[in-house]
Amino acid sequence: MDKIIISPSKYVQGAGTLAKIGDYVKPLGGRPLAIADEVVTSLVGETVTSSFAAAEAKLTMEKFNGECCRDEINRILEIAKSTQADVIVGIGGGKTLDTAKSVAFYSKVPVVVVPTIASTDAPTSALAVIYTPTGEFSEYLMIPTNPNMVIMDTKVIAGAPTRLMVAGMGDALSTYFEARANSISGKPTMAGGASTKAALALAKLCYETLLADGLKAKVAVENNISDKAVENIIEANTLLSGLGFESSGLAAAHAIHNGLTKLEECHHLYHGEKVAFGTLTQLLLENAPMEEIRTVIEFCRSVGLPTNLFDMGVKELDHAKLMEVAEASCAEGETIHNMPFAVTPEMVFAAMLSAHEIGQM
């Protein structure tokens, strides 16, 4: 199997970069269609509009309706066609960005991804996660190329709610452990080949950065300031995690996240909050050393990530519902089958209960 590593063509990170978005995007197209939800538009819409005007680009701004589902993708596709958009710009959170990537893929035009939060590692990937209109996981859309550009304005991101950056840490937390499992199993990664040493190194650096700077970054963001720790965590949540997961592979943690979307009690949680518990469950599934499990639990508690099902809003342990989660986690084609051993729903069910109990200790 060939070794493959993939990444965006350009990654830009710094304070105030959004004010220069017109100049960055201009080489890709002169008729951009930018999508952002109502809140993000109110925060950065004027800056974005002014920047594109200064760059003499014909900008169309469209409101994103909140769910990356087929209906929303098709709706925005029609707008892209009617405006003859030659570049799609997604501004906001993970679902906005995945919608932008999907629209660009079907429109066969470049895409620029502009996160206003650091809540997932979605921005850099050649992947979109598509949900049902009611928020349940539906499918992965595998896109042949990574985004043409990712722009991270750290000043904007530092001003976002703290919980969003913490959720990004939860998503990034899984990167190393899923990469490690995938490298042992030798299964193909999201990039379509075997992992490179570079990708594994990025995944490990991601985990090390979280442990070193996660709590410091949380404290800084709580005070709406950006310091070196915040800069490092934004890079870990986005670039290191994004390249790490995509070119090193996903495994149990994300599959368990997908299963957890079946629990209505968990619908209020962000992606990374569910992934954090999925990571803990994966460690129990593979019988990881207790010291490692304790380190993960202590990190989660220090930044405010859930370590048990009660933390996630589950009121009582309904074994039938938890088995549904386990079965969904093991569905055909799920990334849990990248683990270095065969996994059954019964094994996931047992690991979830163990993770729940140990996560309360």
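Count residues from 1 along the sequence. Keep in mind it's a predicted model, so treat the numbers as computed, not measured.
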Could you list the donor-acceptor pairs under 3.5 angstrom formed between side-chain atoms of residues 314-327 and any protein atom two or more places apart in sequence or on another chain?
from, atom 1, to, atom 2, distance (Å)
Asp318, OD1, Ala320, N, 3.0
Asp318, OD1, Lys321, N, 3.2

Under 3.5 Å donor-acceptor pairs involving side-chain atoms of residues 162-175, not counting sequence neighbours:
from, atom 1, to, atom 2, distance (Å)
Arg163, NE, Glu273, OE2, 2.7
Arg163, NH2, His268, O, 3.2
Arg163, NH2, Glu273, OE1, 2.9
Asp171, OD1, His254, NE2, 3.0
Asp171, OD1, His271, NE2, 3.2
Asp171, OD2, Asp121, N, 2.9
Ser174, OG, Asp171, O, 2.9
Ser174, OG, Glu178, OE1, 3.0
Thr175, OG1, Ala172, O, 3.0
Thr175, OG1, Ser241, OG, 2.7

Quiz: residues 288-296 side-chain donor-acceptor pairs under 3.5 angstrom, not counting sequence neighbours:
from, atom 1, to, atom 2, distance (Å)
Glu292, OE1, Arg180, NH1, 3.4
Glu292, OE1, Arg180, NH2, 2.9
Glu292, OE2, Arg180, NH1, 2.9
Thr295, OG1, Glu291, O, 3.0

Please output the side-chain donor-acceptor pairs of residues 347-361 that fall under 3.5 Å, not counting sequence neighbours, one pair per line with the distance.
from, atom 1, to, atom 2, distance (Å)
Ser354, OG, Ala350, O, 3.1
His356, ND1, Leu309, N, 3.0
His356, NE2, Gln360, NE2, 3.0
Gln360, NE2, His356, O, 3.4

Show which side-chain atoms of residues 127-135 pair as donor or acceptor with protein atoms under 3.5 Å away, not counting sequence neighbours.
from, atom 1, to, atom 2, distance (Å)
Thr132, OG1, Thr134, N, 3.3
Thr132, OG1, Thr134, OG1, 3.1
Thr132, OG1, Gly135, N, 3.4
Thr132, OG1, Glu136, N, 3.1

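Phe245 and Phe137 end up in the same hydrophobic cluster when Ile, Leu, Val, Met, Phe, Trp and Tyr side chains are linked at under 4.5 Å.
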Review point. Can Lys101 and Ser125 be said to form a side chain to side chain donor-acceptor pair (under 3.5 Å), step by step?
Key: CA-CA 9 Å; Lys101 287 191 280 187; Ser125 72; 3.1 Å; yes
Review point. When you look at Glu298 and Arg301, which way does the salt bridge (charged side-chain N to carboxylate O under 4.0 Å, His left out) test go after all the steps?
Key: CA-CA 5 Å; Glu298 288 169 10; Arg301 286 179 179 160; over 6 Å; no
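Judged by distance alone, the side chains of Ser302 and Lys218 never bring a donor and an acceptor atom under 3.5 Å apart. Side-chain atoms of Thr154 and Glu231 include a donor-acceptor pair closer than 3.5 Å.
The CG atom of Leu141 lies 10.5 Å from the OG atom of Ser138; values are rounded to the nearest 0.5 Å.
Between Asp23 and Lys20 there is no salt bridge, since no side-chain N of the basic residue sits under 4.0 Å from a carboxylate O of the acidic one. Checked for salt-bridge contact, Lys95 and Asp98 miss the test: no charged N lies under 4.0 Å from a carboxylate O.
Other cluster members for Val39: Val12, Leu18, Ile21, Tyr24, Val25, Leu28, Val40, Leu43, Val44, Val48, Phe52, Leu59, Met61, Val87, Val89, Ile91, Val112, Val114, Met149, Ile151, Val156, joined by side-chain heavy-atom distances under 4.5 Å among Ile, Leu, Val, Met, Phe, Trp and Tyr.
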